[in-house]
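Counting from 1, the numbers follow the sequence of the chain as shown. No experiment lies behind these values; they were computed from the predicted model shown.
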Amino acid sequence: MVTMRAVRTGPRSLDAGVSLVAALITGTGSVKTVAAWLPHDAIILLAAAQGVMLLARRRAPTAVLAGTTAVSVLMIVAGYPDGSAIFGACCAAYAVAVYGSGDEGAELVVTLRHAAVVAAAAIAIGVASLAPGARGQSGTWTALVLSALVAAPWVLGYAIRTRRAYIAELKARAARLEAEEGERAARAVVDERLRMARELHDVIGHSISLITVQAEAAARSVRTNPDAVPGFLTRISAASRQALAEMRHVLAVLRPDAEAELSPPPGLADLGELVERLNAGGLEARLDVEPMDLPPGVALTVYRIVQESLTNVLKHAGPGARAAVTIGRSEGSVRVSVHDDGTGPSGPSASTAHGIVGMGERAAVYGGTLRAGARASGGFEVEALIPMCEEAP
């Protein structure tokens with residue numbers, strides 16, 4: 001069995017092959033008409049010199065072109081066949097186009113500079129073909145043909161270099177687009193996680209706070225007023241069911257294959273029921289809502305801000321605190337104001353609590369603002385201003 005294996009040719013092997021071929025082609029010309037002042041054996045040395053210079057065609061293509069051109073001019077003037085003499089210069093002209101470099105951002109200047117260098121080499125070889133000792137001289141036509149033969153490899157090399165640069169740019173652009181798409185997907189995942197975290201925080205925080213208040217009230221009433229305990233337990237059960245229903249609604253997006261009945265998200269119409277539950281839980285709250293038609297996302301944001309604010313009143317304002325909720329229009333925006341007359345924030349970090357930060361993020365999604373802090377007359381206040389615009393993308 002014969003095993004065939006592909007052999008990859010590296011840059012050094014390729015350069016060595018080009019140099020050897022150039023030296024062989026240059027040295028195969030006839031030396032019968034070479035001028036007497038140039039020994040015939042020197043042709044072999046000149047051909048070898050061109051081949052050795054081509055080894056550096058990647059590192060210093062312009063210098064290699066100058067050296068091979070000088071050797072070609074010498075050989076043509078001495079009467080050596082011009083076709084063999086210019087092969088090394090043609091290889092060097094190609095290398096100038098493909099491997100020539102310059103300052104980044106000045107591609108046009110570098111191209112013009114290389115074109116001028118190649119043009120100078122082509123003209124020098126064309127003029128050398130007009131020398132008295134040149135072989136087979138036939139005037140201007142020969143000079144033009146030789147000049148074109150030197151310039152043609154540069155044109156070919158420039159086309160190849162341009163195509164390589166174009167393909168590299170396409171690959172780089174595709175890589176950038178893929179990276180940007182990955183970043184957008186990652187940001188979308190993070191945003192969705194934050195959204196769900198805010199939803200769960202609002203739902204669980206509100207319900208647990210309400211359940212805690214009712215449980216404490218039931219515990220206090222066991223001995224003093226046993227008949228009131230079933231009412232507290234009923235409200236605890238209702239709050240638990242409400243929390244489970246909202247949690248299923250939030251988490252349903254994680255299981256798209258689940259056959260869950262998704263109810264519409266809460267909005268302005270559900271604020272009355274929210275306030276009633278809190279009033280039943282021991283918080284005296286007043287609600288004043290101006291009728292308006294809001295996009296579902298904005299309506300949900302308003303509902304969650306009110307829910308979180310009243311939950312904070314229930315937890316932190318102290319016994320006997322009263323709260324007021326006012327929602328109305330304000331110059332193309334909806335203004336939400338929730339304030340209480342309780343004991344106020346417990347410390348300077350109240351404005352950086354997770355709930356308040358979450359409310360600010362909800363408002364910012366729709367280009368709104370939120371302010372939260374202590375009132376001059378006592379208590380705490382949350383005020384949000386949200387533009388009544390279309391849904392955020």
Side-chain angles (χ1 to χ4, degrees), residues 198-199 201-217 220 232 235-236 239 242-243 266-292 294 298-331 333-364 366 368-386:
R198 287 194 297 265
E199 291 288 332
H201 174 275
D202 293 344
V203 171
I204 296 176
H206 167 74
S207 301
I208 295 299
S209 298
L210 187 57
I211 290 172
T212 301
V213 171
Q214 295 297 314
E216 292 174 349
R220 290 193 301 267
F232 291 125
R235 285 190 285 272
I236 290 175
Q242 179 70 19
L268 296 184
D270 303 287
L271 287 175
E273 181 182 353
L274 172 66
V275 172
E276 289 179 3
R277 290 200 305 268
L278 289 171
N279 286 335
L283 174 66
E284 185 180 345
R286 177 176 55 84
L287 176 64
D288 183 11
V289 180
E290 178 182 349
M292 65 186 77
L294 296 178
V298 177
L300 175 62
T301 297
V302 172
Y303 180 90
R304 293 304 187 197
I305 290 175
V306 173
Q307 182 186 49
E308 177 65 21
S309 300
L310 293 179
T311 301
N312 289 338
V313 174
L314 187 66
K315 291 191 296 184
H316 305 299
R322 293 174 297 178
V325 179
T326 304
I327 301 174
R329 300 175 186 269
S330 177
E331 299 180 355
S333 301
V334 55
R335 182 180 295 277
V336 182
S337 176
V338 182
H339 64 270
D340 64 80
D341 58 359
T343 58
S346 58
S349 62
S351 61
T352 60
H354 291 295
I356 295 178
V357 172
M359 288 190 291
E361 291 174 347
R362 286 183 180 277
Y366 296 96
T369 58
L370 184 135
R371 181 182 60 83
R375 301 175 66 200
S377 58
F380 198 78
E381 181 180 32
V382 175
E383 186 171 300
L385 190 65
I386 305 172

How long is the gap from [atom1] on [X] to [atom2] on [Y], to the nearest 0.5 Å?
X	Y	atom1	atom2	result
Asp288	Ile327	CG	CD1	9.0 Å
Leu283	Arg277	CG	CZ	12.5 Å
Asp340	Ser309	CG	OG	9.5 Å
Leu287	Glu273	CG	CD	12.5 Å
Phe380	His316	CZ	NE2	9.0 Å

Partner set under side-chain hydrogen bond (donor to acceptor under 3.5 Å, both in side chains) for Arg286, not counting sequence neighbours: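 Listed in chain order: nothing, the list is empty.
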Under the side-chain hydrogen bond (donor to acceptor under 3.5 Å, both in side chains) rule, collect the residues that match up with Glu276, sequence neighbours excluded.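 Expected list: none.
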What are the two closest non-hydrogen atoms of [X] and [Y], and how far apart are they?
X	Y	answer
Leu370	Ala384	CD1-CB, 3.9 Å
Ala285	Asn279	N-OD1, 2.8 Å
Thr301	Ala363	CG2-N, 4.1 Å
Tyr366	Ile386	CB-CG2, 3.9 Å
Val313	Ala323	CG1-CB, 4.2 Å
Ala321	Gly342	CB-CA, 4.0 Å

Under a 4.5 Å cut-off applied to non-hydrogen side-chain atoms, are [X] and [Y] in contact?
X	Y	answer
Leu268	Leu271	yes
Asp270	Tyr303	yes
Val325	Ser337	no
Glu383	Val336	no

If the condition is salt bridge (Lys or Arg N to Asp or Glu O under 4.0 Å), which residues does Glu381 pass it with, not counting sequence neighbours?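 With sequence neighbours excluded, Glu381 shows a salt bridge (Lys or Arg N to Asp or Glu O under 4.0 Å) to Arg371, given in chain and number order.
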Salt bridge (Lys or Arg N to Asp or Glu O under 4.0 Å) with Glu290: which residues, sequence neighbours excluded?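 Counting only residues at least two positions away or on another chain, Glu290 forms a salt bridge (Lys or Arg N to Asp or Glu O under 4.0 Å) with Arg329.
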Checking the side chain of Arg362 only, and the main-chain atoms of Ile305 only, is there a donor and an acceptor separated by less than 3.5 Å?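 Answer holds: no.
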Between Arg304 and Glu308 (salt bridge meaning N to carboxylate O under 4.0 Å), is one present in this structure?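 Glu308 and Arg304: not salt-bridged.
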With sequence neighbours excluded, what pairs up with Glu284 under the side chain to side chain contact (heavy atoms under 4.5 Å, CB included) test?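 Scan of Glu284 (side chain to side chain contact (heavy atoms under 4.5 Å, CB included), adjacent residues dropped) gives Arg322.
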Who pairs with Thr369 by side chain to side chain contact (heavy atoms under 4.5 Å, CB included), at least two apart in sequence or on another chain?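 Thr369: side chain to side chain contact (heavy atoms under 4.5 Å, CB included) contacts with Leu385.
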